[in-house]
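Proteins come first, then strands; the chains are lettered A, B, ... in the order of their sequence lines, and each starts at number 1. Keep in mind that the numbers below use all heavy atoms, side chains included, and drop hydrogens, waters and symmetry copies.
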There are 2 protein chains.
Amino acid sequence: MTDVKSVNNPLFLREEELRQAIELLFFAYRDFTAGPDKILKDYNFGRAHHRVIHFVGRNEGMTVSELLDILRITKQSLNRVLSNLIQRGFVEQRQGEEDRRQRCLYLTEEGHLLEQKVSRVQRELVANAFREAGGEAVAGYRKVLTGLIDETNRDTALNRILKT
Amino acid sequence: MTDVKSVNNPLFLREEELRQAIELLFFAYRDFTAGPDKILKDYNFGRAHHRVIHFVGRNEGMTVSELLDILRITKQSLNRVLSNLIQRGFVEQRQGEEDRRQRCLYLTEEGHLLEQKVSRVQRELVANAFREAGGEAVAGYRKVLTGLIDETNRDTALNRILKT
DNA sequence: AAATATATGTCAACATGACTGACGTAAAAT
DNA sequence: ATTTTACGTCAGTCATGTTGACATATATTT
């Protein structure tokens, strides 16, 4: 096998390295979402519900527009999921105090319970991965994933993630 | 705001750190898939087609079962996408030589062109992130993502990723 | 040789979660 | 008073996943 690509070709090695990194992300993300998916199925909720519960839980009082901006879906898509969550008592809306056009979103008590239950399995998965990998690796993980975020929205996204 | 959680509570800090890591992965993956999605739309292909093209391109001659095992979807789901790709001349099947029940999958010339075109944008994104982050960070990225892969299939997955 | 298991394909029905486009309503901003 | 904004909603469509049932060819086992 005197394959040109495999002998002394740094460009190919680089390409191969990148492909491996891409697949790694694919497999990691696949298994990262598997746990929550499983739990949510018992409630007849899907990944879309999970995302709403997650972000509302992290940003109590956020508006619908903010949520739309994070999820990058249409309001019609969001609405089905959101009204479902409201109807079934996991999320509630309150009229904005300053701008009364806004509907500010909050988790109900039941919503918080579900959010905790679901995020726990995900946190445990990440915690294990962090522990196995060590602190230096975690810093690297953060650096690389930050770099994968679209440059034009990176600051916005990071502010959301790191917000106090 | 004398919130108990935010003052001197290491357990909370840990939870907060983990939540940030989770959101980081969400945002990174969202933008990681955006580029390919955009290109594939011109062909009326979706993310499912992308995954097939990617894995067949990386594993020429792989069988349908292998692909099913990687993608973790039902054969009925795969079949719709796969027969579409075959019909339109991006993928071809050949009967297995040893086991003639198997259908071994290959990219056609056109398939290779599309695969290259799509994976290029993704590789460039990852290459930029790697360059910005530096080699040490890349090693950390690999360690952590590896740890996120379901333990019971980790070796299998890693063998697939690193296969020569 | 006959029975069973495996790899694959296919039909049909259905759920989820995305999309577009059009229209409505209340409140804020100009 | 008019326009813009934030949100909701109706209707239709598409992509991608699911389950269940059944078929066919080839390998494997008894």
Residue pairs meeting salt bridge (Lys or Arg N to Asp or Glu O under 4.0 Å), one or both in residues 39-55 of chain B, sequence neighbours left out, come to B/Asp37-B/Arg47

D/dG17 phosphate, OP1 or OP2, under 4.0 Å from B/Arg51 side-chain N/O = yes

Find the distance A/Leu40:CG to C/dA15:P and express it as a whole number of Å.
-> 19 Å

Rounded to the Å, how far apart are B/Leu67 CG and C/dA7 C1'?
-> 14 Å

Describe the nucleic acid contact of A/Arg80 in one word from base, sugar-phosphate, nothing, applying a heavy-atom distance below 4.0 Å.
-> base

Nearest heavy atoms of B/Gln93 and B/Leu82, plus distance in Å = NE2-CD2, 4.3 Å

Considering only D/dC10, C/dT6, C/dA12, which nucleotide approaches the side chain of B/Gln76 most closely?
-> C/dA12

Does CD in B/Gln116 sit with more than 12 non-hydrogen atoms of other residues, nucleotides or ligands closer than 6.0 Å?
-> yes

With a 4.0 Å heavy-atom cut-off, tell me which residues in residues 81-99 of chain B come close to DNA chain C, sorted by residue number.
-> B/Gln93

Any side-chain N or O of B/His49 less than 4.0 Å from the OP1 or OP2 oxygen of D/dA15?
-> no

Hits for ring pair (Phe, Tyr, Trp, His ring centres under 6.0 Å) against A/His50, two or more places apart or cross-chain, chain-then-number order -> none

Take A/Leu68 and B/Ala48, find for each the nucleotide of DNA chain D with the closest heavy atom, and name the residue whose nucleotide sits nearer the 5' end.
-> A/Leu68

Could you tell me the separation between the CD atom of A/Gln102 and the C1' atom of D/dT5, rounded to a whole number of Å?
-> 10 Å

Among D/dG8, D/dT19, C/dC19, the nucleotide that comes nearest once only the side chain of A/Val64 is considered | D/dG8

Among C/dG9, C/dA22, C/dG17, the nucleotide that comes nearest once only the side chain of A/Lys75 is considered | C/dA22

Can you name the residues that form a ring pair (Phe, Tyr, Trp, His ring centres under 6.0 Å) with B/Phe130, not counting sequence neighbours?
-> B/Tyr141

Length of the line joining A/Glu66:CD and D/dT5:P, which is rounded to integer Å | 17 Å

Whole Å only: how far is the CZ atom of B/Arg100 from the P atom of C/dA5?
-> 22 Å

Establish, with yes or no, whether the OP1 or OP2 oxygen of C/dC19 is under 4.0 angstrom from a side-chain nitrogen or oxygen of A/Ser77.
-> yes

Any donor-acceptor pair under 3.5 Å between the side chain of A/Arg101 and the base of D/dT5?
-> yes

Starting at CZ of A/Arg47 and ending at P of D/dT18, how long is that distance when rounded to a whole Å?
-> 11 Å

Hits for side chain to side chain contact (heavy atoms under 4.5 Å, CB included) against A/Glu60, two or more places apart or cross-chain, chain-then-number order -> A/Tyr106, A/Leu107, A/His112

Take atom CG of A/Asn44 and atom P of C/dG17, then tell me their distance rounded to the nearest Å.
-> 10 Å

With B/Phe45 via ring pair (Phe, Tyr, Trp, His ring centres under 6.0 Å) - residues at least two apart | B/His49, B/Phe90

May I have the distance from B/Ile73 (atom CD1) to D/dT19 (atom P), rounded to whole angstrom?
-> 12 Å

Presence of B/Thr74 side-chain N/O under 4.0 Å of D/dG17 phosphate oxygens OP1/OP2 | no

Looking at side-chain heavy atoms only, is the closest gap between A/Arg154 and B/Phe27 below 4.5 Å?
-> no

